[in-house]
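Per chain, numbering begins at 1; letters A, B, ... match sequence-line order.
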Number of protein chains: 2
Amino acid sequence: MKPKKRTTIYDIAEKLNITASSVSRALNNSSHVNEETKKLVLKTAAELNYKRNILASNLRKGESKTIGIVVPRINQNIFSNVIAGIEETTYSKDYNLIICQSNESHEKEVKSVNALINQHVDCIVISVAAEGSDYSHLQNVIDHGIKLIQFDRVADEVETLKVLNDNHQASLEGITHLIEQGYKRIALLEGPQNLDIFRQRKQGYLEALKLHNLPVINELIIENAWTKELGAEATRKLLNLPEPPDAIFASTSDFSALGVLEVATSMGIKVPSELGILGYSNEPFTELTSPSITTIDQFSHYMGKTIANLYFQESENKESPVVPRTISVKPKLIIRASTSRRSYK
Amino acid sequence: MKPKKRTTIYDIAEKLNITASSVSRALNNSSHVNEETKKLVLKTAAELNYKRNILASNLRKGESKTIGIVVPRINQNIFSNVIAGIEETTYSKDYNLIICQSNESHEKEVKSVNALINQHVDCIVISVAAEGSDYSHLQNVIDHGIKLIQFDRVADEVETLKVLNDNHQASLEGITHLIEQGYKRIALLEGPQNLDIFRQRKQGYLEALKLHNLPVINELIIENAWTKELGAEATRKLLNLPEPPDAIFASTSDFSALGVLEVATSMGIKVPSELGILGYSNEPFTELTSPSITTIDQFSHYMGKTIANLYFQESENKESPVVPRTISVKPKLIIRASTSRRSYK
DNA sequence: AAATTATGTGCAATCGATTGCATTTATAAA
DNA sequence: TTTATAAATGCAATCGATTGCACATAATTT
């Protein structure tokens, strides 16, 4: 692969006996060029297979038309949908996306964020890793004059635009549904409590119990059970209690709920009659398990679009400072077989 | 968000009363700087919260330390795994990934590729969209001196590095397994035949039939049935034939196989006893359906690592031209319930 | 002590595109 | 015909980092 020299505006200029300035103006469709010249430049550019060097352009203009996204994992339903939503909206405006995965590692998250700052992205969209409690790297983004939008898993203390679900409400509705189905000893698999979303889900759970005069039983609340494996482990423990729960709310994810289901099945416990299972996120597979899993849909695709629009909205009024604000999307309970012991069509 | 001016090497230089050259050398750990100066620069850089402007650096150096990836959809198992594999390998070398989705649209694929060329990425890794047959945009990549690696769905005629599965072999093994399980009228749901991988899978199917002296029945071969919906539709047609198939190989994807399963279930046809189902890709959900779906694992994570290593290998010997070559990974048949009518543990 | 070699630093050009200002040319107004 | 105005183009600086070359100083060798 010979390092062929790429065509620049100077090559075009030389060929047409004009200056690079005019070529640049022509390519940028400026009104200060003759229509003739413009056409000629465009034609020559095509002939020479010219591609604008975005690096140079961005360096000069001080913008990058690039949005960086940092998520724990791209192949989780909510994240891939948010990304898709952002992409659909930004694509038409010729924005690029740089996507990074933190793999739930705080260190990698920090490294990714710094790499994006280096890249001079115009905006960073992030859902933070579960690990970690120091968010100075986010403050750093703001200090560099880069817009920052947090979604779903947000760091409270960093004041930015935030797009998230009403986790409290969703949780409340979910538990209420369980109670209506006649479940009385409802266990909670909770996520890392340093993350707001998991705290909110717990609050919703607690509030629902309270509203229905059900006692909070501490041994039914299991910390950090947020992967399939941890969910399975927690379930084993729970189902072996002298008084086991009759329902489990895997508030962390559907993966965790899947762990619950597998253990229950392997122990010969019938779902939903003997055990109700409620997940979170509406992963596609929740429809496919038997029984299918009741879960909560986060409208993640819509969230993605919202995020992108928020960015464009903000970048229009450059002068005025960003007013930190939170957009809350109301999630939806998707009732399926795993909790429907009274009725399920 | 005030457009705070970011610290540059000139700021550091000024503060230390040296030139930008020295600062640059210090930051790049060149051997031509005094240790003292180096320390001082590093310290000051940290104090001023300096972040190298990669745009400027890349512009000057003519490289970008960025790899562009174009895939049909990031949330398909093979693609998200390949991406993860590439990321793991490139991460430690401080490379950035720009990920684009073509959404199976040829137009979007072309636009993405061009955007990546503009970005001056060092390498483009692509799995082409099903739509489209003109691959001049790929030739274009090469003509711009950018390394190109195709994987999985490759355009044959473009001579590049290719990393793919031995689709023919996998298909052959899969069908052989079906035959061993006693299935005799095996239908094929085929993908767009302009893509090599789907042609190969068909060849494997045909060869397996031949080897076992089974006739090829044209009405059992359905074109372009490669989404869940199309798979379902094809299945409806097949199962309503006077002589319906006793097994269906959804050679295009597990999604298609899922469509098959759903239709079969809704028609009250028992899987695997009355109908065997074989998918392709080992999507996570294939384990979860009931019955679980037999499928073919592509070692996609490993493919990702292979791709990244291939790139680094190639970029080391800059002088010598790239020798187009193909690395073939042998996929593995994952036998599950949907085809196990003789035995399934 | 003179000659040679390291070592560290500065100067200035470079990467490619953009843009404010100046200049030329064409057009309209006086 | 002269002057005012508009349109098109050129000039040159700029964005920030890198690097070949030149030069000065220090260390080493004869």
Side-chain angles (χ1 to χ4, degrees), chain A residues 3-42 44-45 48-66 94 117-122 144-145, chain B residues 3-42 44-45 48-66 94 117-122 144-145:
Chain A
K4 292 197 189 78
K5 214 174 147 311
R6 297 165 62 145
T7 321
T8 70
I9 51 171
Y10 298 97
D11 300 326
I12 301 178
E14 196 176 8
K15 183 148 185 190
L16 294 177
N17 246 352
I18 55 177
T19 58
S21 321
S22 298
V23 176
S24 172
R25 282 190 264 256
L27 292 171
N28 285 295
N29 206 19
S30 149
S31 58
H32 290 277
V33 233
N34 190 299
E35 277 302 322
E36 283 300 300
T37 329
K38 200 178 283 183
K39 268 182 209 154
L40 221 53
V41 167
L42 258 36
T44 315
L48 297 181
N49 199 11
Y50 169 80
K51 292 263 153 51
R52 164 197 276 119
N53 186 330
I54 303 252
L55 295 178
S57 172
N58 290 342
L59 174 59
R60 178 59 226 254
K61 294 201 285 191
E63 65 162 27
S64 67
K65 279 210 166 197
T66 300
D94 276 320
I117 296 177
N118 279 1
Q119 281 285 336
H120 277 214
V121 296
D122 294 337
H144 275 92
Chain B
K4 294 199 187 75
K5 211 168 148 319
R6 297 165 63 146
T7 320
T8 69
I9 51 171
Y10 298 98
D11 300 326
I12 301 178
E14 197 176 8
K15 184 148 185 189
L16 294 177
N17 247 351
I18 54 177
T19 57
S21 321
S22 296
V23 176
S24 171
R25 282 190 265 256
L27 292 171
N28 287 294
N29 204 19
S30 148
S31 58
H32 291 277
V33 231
N34 190 300
E35 277 303 322
E36 282 300 301
T37 330
K38 200 177 283 183
K39 267 182 210 154
L40 221 54
V41 167
L42 258 35
T44 316
L48 298 180
N49 199 12
Y50 169 80
K51 291 264 152 54
R52 166 195 274 118
N53 185 329
I54 303 253
L55 295 178
S57 172
N58 289 343
L59 173 59
R60 177 59 227 252
K61 293 202 283 192
E63 66 162 26
S64 67
K65 280 208 167 200
T66 301
D94 276 319
I117 296 178
N118 280 1
Q119 282 283 338
H120 277 212
V121 296
D122 294 336
H144 276 92

Given 3.5 Å as the limit, does a donor-acceptor pair link the side chain of B:Asn28 with the main chain of B:Ser30, or not? no

Does A:Ser24 use its side chain to pair, donor to acceptor, with the backbone of A:Ala20 at less than 3.5 Å? no

Assert: residue with more 5' nearest nucleotide on DNA chain C, out of A:Leu55 and B:Arg25, is B:Arg25

Mapping B:His32 and A:Thr8 to their closest nucleotides on DNA chain C, which lands nearer the 5' end? B:His32

What heavy-atom pair brings A:Asp11 and A:Arg6 nearest, and what distance separates the two atoms? OD2-O, 3.7 Å

Tell me whether the side-chain N or O atoms of B:Ser21 pair up with the base of C:dC11 as donor and acceptor below 3.5 Å, since no angle test is needed here. yes

Residue whose nearest DNA chain D nucleotide is more 5′ - A:Tyr10 or A:Ser22: A:Ser22

How about A:Ser22 and A:Thr19: do any of their side-chain heavy atoms sit closer than 4.5 Å? yes

Does the side chain of A:Val23 come within less than 4.5 Å of A:Lys15's, by heavy atoms? no

Just call it for [X]: base, sugar-phosphate, or nothing, with non-hydrogen atoms closer than 4.0 Å on any strand.
| X | result |
| --- | --- |
| A:Ser24 | base |
| B:Ile18 | sugar-phosphate |
| A:Thr37 | sugar-phosphate |
| B:Ser30 | nothing |
| A:Asn58 | nothing |
| A:Arg52 | sugar-phosphate |

May I have the distance from B:Ile9 (atom CD1) to C:dT9 (atom C1'), rounded to whole angstrom? 14 Å

Mind calculating the distance between CD (B:Glu35) and P (C:dT9) to the nearest angstrom? 11 Å

Compute whether any side-chain donor of one residue and acceptor of the other, for B:Asn58 and B:Lys65, lie under 3.5 angstrom apart. no

Walk me through whether B:Asn53 and A:His120 qualify under side chain to side chain contact (heavy atoms under 4.5 Å, CB included). CA-CA 7 Å; B:Asn53 185 329; A:His120 277 214; 2.9 Å; yes

Outer limits of DNA chain D sitting under 4.0 Å from a non-hydrogen atom of chain A, read 5' to 3', are D:dA8 to D:dG16

